[in-house]
Amino acid sequence: MRTQVAIIGAGPAGLLLGQLLHTSGIAAVIIEQRSPDYVLGRIRAGVLEQVTMDLLDQAGVGARAHAEGLPHDGIELLFQGQRHRIDLHALTGGRRVMVYGQTEVTRDLMAARAAASLPTVYDAHKVQVHDFDGAQPRVTYEKDGQTHEITCDFIAGCDGYHGVCRASVPADALKTYERVYPFGWLGVLADVKPVCDELIYANTERGFALCSMRSATRSRYYLQVPATDTVEQWSTGQFWAELRNRLDAEAGERLVTGPALEMSIAPLRSFVAEPMRFGRLFLAGDAAHIVPPTGAKGLNLAASDVGYLWNALADYYNDKSSAGIDTYSDRCLRRVWRAERFSWWFTSLMHRFPDTGAFGQKMQDAELDYLVHSRAASTALAENYVGLPLEL
Ligand code: APR
Ligand code: PHB
């Protein structure tokens with residue numbers, strides 16, 4: 001088989017790239033190692049920046065996010081028993097975020113891809129990428145006991161942190177940067193009314209907590225837990241009790257509990273691989289970088305990488321220009337590092353670290369106090385939270 005762009009991975013990055021390329025008349029095949037149901041079973045963050053909403057619209061898949069998503073104009077920060085509202089809308093000249101689950105974004109992208117009869121190979125095993133340092137890259141995989149080969153002009157590595165694309169780059173061509181945090185997030189998804197109509201980020205003596213939501217009747221809550229905890233150590237009853245302990249009295253009283261639809265622990269990590277292009281192989285999304293989830297930048301960064309890649313490939317095929325391809329990595333990494341900085345900062349500010357010490361704790365307290373009482377500091381949080389612009 002031959003195509004113009006072989007996309008490895010049918011997560012949000014790969015699927016969004018596929019739809020955007022389709023709008024520009026560029027042919028792509030997506031090769032995914034899992035089944036559609038497995039991909040849709042992953043519960044991830046749910047806050048979309050305007051930049052991401054715009055890309056979903058440009059891909060022709062934004063309708064349900066607009067109809068069913070919850071526009072949020074502010075977030076609440078809870079510390080020392082008090083909640084403080086950050087008015088994102090007022091502080092950013094009218095911008096806001098859309099609360100809409102990544103799973104639903106993926107579902108909408110899958111439906112659009114199927115409706116346009118675009119080729120996707122699910123359950124592909126032993127996926128390998130070849131010859132991306134030459135003029136004609138290839139992808140091979142096994143499916144139903146047979147080996148298949150796709151030749152292409154470019155390979156888009158949208159295969160997540162554990163994917164094959166970054167792993168196929170010679171180690172001496174890659175520089176990686178990493179920070180692992182000494183805690184994870186224990187998450188519960190439940191069909192209960194959200195405790196608040198905005199997100200609450202809480203820094204408490206017992207650790208961080210986050211109250212988020214998927215709809216007016218479905219909540220998503222998280223607790224900071226030691227990195228060594230396993231989900232088996234936690235019952236839903238213990239989860240609700242600990243969450244209530246980390247909320248202010250009013251929110252604690254309003255908290256509605258119920259059975260967990262999903263409960264899992266995610267480790268927290270910051271990671272960047274540079275560069276993001278090797279000849280005719282591009283990395284995008286989690287394949288190139290990971291942010292800790294505080295601030296929900298993961299999906300938004302994946303979308304902005306894909307926005308740059310789409311523009312680069314459209315310039316190549318439609319205007320015969322390689323400029324976008326040549327600048328892809330630098331453009332992505334500039335936005336990536338700014339989001340890495342924000343996610344690291346917001347994580348450091350909101351969590352309790354085992355080795356902080358008394359002075360460090362006073363510094364965190366003072367920074368939170370400054371943040372909510374200084375318009376300049378609140379604005380810096382707000383403009384990063386709603387998302388920095390996509391500079392094309
Ligand atoms: N061959 C084919 N597909 C693969 C391979 C492989 N060797 N390895 C991984 N994949 C698939 C995975 O099964 C997954 O469906 O690639 C896909 C990658 O999807 P994601 O991990 O969701 O990554 P991405 O599309 O970059 O989305 C980024 O996901 O992790 C969150 O916070 C992150 O929200 C962000 C978003
Ligand atoms: C979520 O809804 O899952 C979510 C929201 C905000 C975050 C992280 C996760 O910062």
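Only heavy atoms go into these numbers, but all of them, side chains included; no hydrogens, no water, no symmetry mates.
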S.K.: Would a line drawn from the ring center of His66 to the ring center of Tyr100 be shorter than 6.0 Å?
M.R.: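 Distance test on ring centres: not under 6.0 Å, no.
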S.K.: Is Arg335 salt-bridged to Glu391, cutoff N-O under 4.0 Å?
M.R.: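 Salt bridge between Arg335 and Glu391, a charged N being under 4.0 Å from a carboxylate O: no.
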S.K.: Any link between Ile200 and Val225 through a network of hydrophobic side chains (Ile, Leu, Val, Met, Phe, Trp, Tyr) touching at under 4.5 Å?
M.R.: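 Result: yes, single cluster for both.
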S.K.: Looking at residues at least two apart in the chain, or sitting in another chain, which of them share a ring pair (Phe, Tyr, Trp, His ring centres under 6.0 Å) with Tyr316?
M.R.: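 Expected list: Phe154.
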S.K.: Determine, step by step, whether His89 and His72 satisfy the ring pair (Phe, Tyr, Trp, His ring centres under 6.0 Å) criterion, reporting the C-alpha distance in whole Å, the side-chain angles of both residues, the deciding distance to 0.1 Å, and the verdict.
M.R.: CA-CA 8 Å; His89 193 253; His72 279 208; over 10 Å; no
S.K.: Please determine if Arg166 forms a cation-pi arrangement with Tyr161, meaning its NZ or CZ atom is less than 6.0 Å from the six-membered ring centre and no more than 45° off the ring axis.
M.R.: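 The answer is yes, since Arg166 meets both limits relative to Tyr161.
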S.K.: Can you establish whether the number of heavy atoms outside Arg138 located under 6.0 Å from its atom CZ is more than 12?
M.R.: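 Yes.
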S.K.: Is Glu274 salt-bridged to Lys175, cutoff N-O under 4.0 Å?
M.R.: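 Looking at Lys175 together with Glu274, the answer is no, because their closest N to O distance does not fall below 4.0 Å.
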S.K.: Does Arg334 CZ have over 12 foreign heavy atoms under 6.0 Å away?
M.R.: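 Open.
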S.K.: Membership question, hydrophobic clusters at under 4.5 Å side-chain separation (ILVMFWY): are Trp185 and Leu299 in the same one?
M.R.: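 No; tracing contacts between hydrophobic side chains, which count when under 4.5 Å, never links both residues.
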S.K.: Before accepting this row, confirm whether a basic side-chain N of the pair Asp153/Arg2 lies closer than 4.0 Å to the acidic partner's carboxylate O.
M.R.: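 Here Asp153 pairs with Arg2 in a salt bridge, since their nearest N and O are under 4.0 Å apart.
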S.K.: Listed by chain and number, what are the side chain to side chain donor-acceptor pair (under 3.5 Å) partners of Gln128, not counting sequence neighbours?
M.R.: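 Side chain to side chain donor-acceptor pair (under 3.5 Å) check on Gln128 returns nothing, list empty.
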S.K.: Show your working on side chain to side chain contact (heavy atoms under 4.5 Å, CB included) between Val121 and Glu32 and close with a plain yes or no.
M.R.: CA-CA 6 Å; Val121 182; Glu32 162 63 51; over 6 Å; no
S.K.: Heavy-atom count around Glu178 CD within 6.0 Å, excluding the residue itself: above 12?
M.R.: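 For Glu178, atom CD is crowded (more than 12 foreign heavy atoms under 6.0 Å).
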S.K.: Decide yes or no on ring pair (Phe, Tyr, Trp, His ring centres under 6.0 Å) for Trp337 and Tyr177, but give the supporting numbers first.
M.R.: CA-CA 11 Å; Trp337 276 114; Tyr177 302 82; 5.3 Å; yes
S.K.: Excluding sequence neighbours, so at least two apart, what forms ring pair (Phe, Tyr, Trp, His ring centres under 6.0 Å) with Tyr221?
M.R.: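 Here the qualifying residues are Trp240.
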S.K.: Honestly, is Arg269 close enough over Phe271, meaning NZ or CZ under 6.0 Å from the six-membered ring centre and within 45° of the axis?
M.R.: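 Because its charged atom misses either the 6.0 Å distance or the 45° angle limit, Arg269 does not stack over Phe271.
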S.K.: Determine, using ring centers only, whether Tyr328 and Trp310 are less than 6.0 Å apart.
M.R.: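 No, ring centres 6.0 Å or more apart.
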S.K.: Phe353: what forms a ring pair (Phe, Tyr, Trp, His ring centres under 6.0 Å) with it, not counting sequence neighbours?
M.R.: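 Result, ring pair (Phe, Tyr, Trp, His ring centres under 6.0 Å) vs Phe353: Phe183.
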S.K.: Hey, does the Lys NZ or Arg CZ of Lys297 hover above the aromatic six-ring of Phe346, less than 6.0 Å from the centre and inside 45° of the axis?
M.R.: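 Negative - Lys297 is either too far from the ring of Phe346 or too far off its axis.
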S.K.: Listed by chain and number, what are the ring pair (Phe, Tyr, Trp, His ring centres under 6.0 Å) partners of His162, not counting sequence neighbours?
M.R.: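 Testing His162 for ring pair (Phe, Tyr, Trp, His ring centres under 6.0 Å), a comparison that skips the adjacent residues, returns none.
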S.K.: Any salt bridge linking Arg220 with Glu262? Criterion: basic side-chain nitrogen under 4.0 Å from a carboxylate oxygen.
M.R.: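 Yes, Arg220 and Glu262 are salt-bridged.
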S.K.: Is there any ring pair (Phe, Tyr, Trp, His ring centres under 6.0 Å) pair reaching into residues 116-147, and which pairs are they, with sequence neighbours excluded?
M.R.: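 Every pair satisfying ring pair (Phe, Tyr, Trp, His ring centres under 6.0 Å) with a residue in residues 116-147: Tyr141-His148.
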S.K.: Passes salt bridge (Lys or Arg N to Asp or Glu O under 4.0 Å), Arg277 versus Asp326? Steps please.
M.R.: CA-CA 9 Å; Arg277 174 199 164 205; Asp326 291 336; 3.1 Å; yes
